[in-house]
Participant: 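Dumping the structure here so I can ask a few things about it.
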There are 2 protein chains.
Amino acid sequence: MAKSRNEVGASTYQRIKRDIIFGDLAPGSKLKLDGLRERYQASMSTLRETLNRLASEGFVDALDQRGFFVTPVSREDLIEIANLRVLLECHALRLSVASGDTDWEGNLVAAHHKLHLMEQKMLAGDDSKKEDWKRYDWEFHLALIEACGSKNLLSLHSVLYDKYLRYQMLVLTYRGEEAVKEHRKVFEAALARDIDTAAETLKTHIDKGLEHTLAAF
Amino acid sequence: MAKSRNEVGASTYQRIKRDIIFGDLAPGSKLKLDGLRERYQASMSTLRETLNRLASEGFVDALDQRGFFVTPVSREDLIEIANLRVLLECHALRLSVASGDTDWEGNLVAAHHKLHLMEQKMLAGDDSKKEDWKRYDWEFHLALIEACGSKNLLSLHSVLYDKYLRYQMLVLTYRGEEAVKEHRKVFEAALARDIDTAAETLKTHIDKGLEHTLAAF
DNA sequence: AACACAATAATATCTGATGTTTTTGAATCA
DNA sequence: TGATTCAAAAACATCAGATATTATTGTGTT
């Protein structure tokens, strides 16, 4: 009766995390263990392991003897997250552009191309594929910094990206044309190995995103 | 029979983390659940929750269907950790020095004083209180950046500090006189609100520590 | 409206059971 | 000897259920 192969644990983790990021589990809401048991078809043990992991990443708050809550959102937190993303992602981008090889370039071209296609659809009004867009945006930003040479840095960045993404998903509005241009500019500067322009444009990209998200918050 | 109040969970977490940082649980070693059950007097449920948390922080590796291992150490990882610490801690220091108030100053003076006393003992040959020294060093570095205004930044830094500390504990040797001087220089620059000097000295402090640790690795 | 207090619900922990996967160790074969 | 195979043993991931403790809720009283 007991499924193994870490199926339950891994999938529960991913689904809960996804539901938090996409707002299906509202910020601040209580995560009752019995409720989660039904919703995710997992046992209490597995759920508590998952929630502990998410708590340590900062997506869930664990209050002593009062259980688990989806981490609340706030303007200050959003600002902190965006600033940290600028700090880490720009730093990683500089390292990556400085030492990326041919494979890195190829992967980056592919990622930007796919993102660009998706952005055209979004601009044309197809708002249905938020989840796909998220994936392409993520893959592009990852491709930019992937050659930074620091697994630890990539891992920290990944968590920050997801936290930032939750705020973007909360406000629901797409920034559009402007963001597309910024993506292209970072992309071209990175390919041209123009480190300063790439890093500055990336900073602008994140800062503008922050403004946009803050305005709608 | 079942203790509650989150006593078991919290204490188990702290003890295992401490044992990893201080090398009582060797890098790469297997964390057998039955063994841990005896050693830490906790049930499998609690242990798995704890290990998941530590895995997500990077102190433990969770291998699918093969259990938990103390995260291995490597030169590359040490270098990455040190570089990230420089990036985050110097950034935080700049923010903190720029906006620290009187309480911040007072706390910093106290932290440096206590650290200095402990350093004198260490220099005099009393090598027995590594754990105390660790606490005072931590409190000093925390006091420096505590006014940075970003909880997220402080939280990321705390994990990095502990990871870096494990490497320091592994090589067992104290850098001595030189580190004491660097501490004092950062301290004085911070109090004088000389942001650039403070940040540069802190960078030197961490870089020198890295060299020292790498040499003995 | 504020308070006390019992009833209810939820949590943290532990034990023990089950099916799977990994590891071990011995026997076999090249 | 060294490599291979395969069954036994060990360890893991998951689940269900029990207990003690703590939080929440609702009701009645002042």
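Chain letters run A, B, ... following the sequence lines, proteins first and then strands; every chain starts at 1. Note that this is a predicted model, so its numbers are computed, not measured.
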Participant: A/Leu47 CG to C/dA10 P: how many Å, rounded?
Facilitator: 15 Å
Participant: Counting heavy atoms from C-beta on, name the nucleotide in D/dA13, C/dC14, D/dC15 closest to the side chain of B/Ala42.
Facilitator: C/dC14
Participant: Measure the distance from CD on B/Glu49 to P on D/dT14 and round it to the nearest whole Å.
Facilitator: 13 Å
Participant: Considering heavy-atom distances to DNA chain D, does B/Lys32 or A/Gln41 have its closest nucleotide positioned more toward the 5' end?
Facilitator: B/Lys32
Participant: Can you tell me the distance, in whole Å, between the CG atom of B/Leu63 and the P atom of D/dC12?
Facilitator: 12 Å
Participant: Distance from A/Glu80 atom CD to A/Leu160 atom CG, nearest 0.5 Å?
Facilitator: 11.0 Å
Participant: How long is the line joining CG of B/Leu51 and P of D/dA11, in whole Å?
Facilitator: 15 Å
Participant: Does a side-chain N or O from B/Arg66 land closer than 4.0 Å to OP1 or OP2 of C/dT23, or not?
Facilitator: yes
Participant: Provide, to the nearest angstrom, the distance between the OH atom belonging to B/Tyr40 and the P atom belonging to C/dT13.
Facilitator: 17 Å
Participant: One thing to verify: whether B/Arg18 and B/Asp24 come together as a salt bridge, which I'm taking to mean a side-chain N less than 4.0 angstrom from a carboxylate O.
Facilitator: yes
Participant: May I have the distance from A/Asp64 (atom CG) to D/dT21 (atom P), rounded to whole angstrom?
Facilitator: 15 Å
Participant: Where each residue is assigned the nucleotide of DNA chain C containing its nearest heavy atom, which of B/Arg37 and A/Leu33 is assigned the position nearer the 5′ end?
Facilitator: A/Leu33
Participant: Nearest to the side chain of A/Arg48, which nucleotide is it out of C/dT11, D/dC15, D/dC12?
Facilitator: C/dT11
Participant: Provide, to the nearest angstrom, the distance between the CG atom belonging to A/Leu36 and the C1' atom belonging to C/dT11.
Facilitator: 13 Å
Participant: Grab the CE-C1' distance between A/Met44 and D/dA16 for me, whole Å please.
Facilitator: 10 Å
Participant: Determine, for A/Arg135 against A/Glu139, whether the closest basic-nitrogen to carboxylate-oxygen distance falls under 4.0 angstrom.
Facilitator: yes
Participant: For the side chain to side chain contact (heavy atoms under 4.5 Å, CB included) test, which of A/Met122, A/Met118, A/His116 pairs with A/Gln120?
Facilitator: A/His116
Participant: Does C/dT22 have OP1 or OP2 under 4.0 Å away from a side-chain N or O of B/Lys30?
Facilitator: no
Participant: A/Tyr174 vs A/Trp133 aromatic rings, parallel, tilted or perpendicular, using cut-offs 30° and 60°?
Facilitator: perpendicular
Participant: Would you mind classifying the nucleic acid contact of A/Thr46 as base, sugar-phosphate or nothing, using non-hydrogen atoms under 4.0 angstrom?
Facilitator: sugar-phosphate
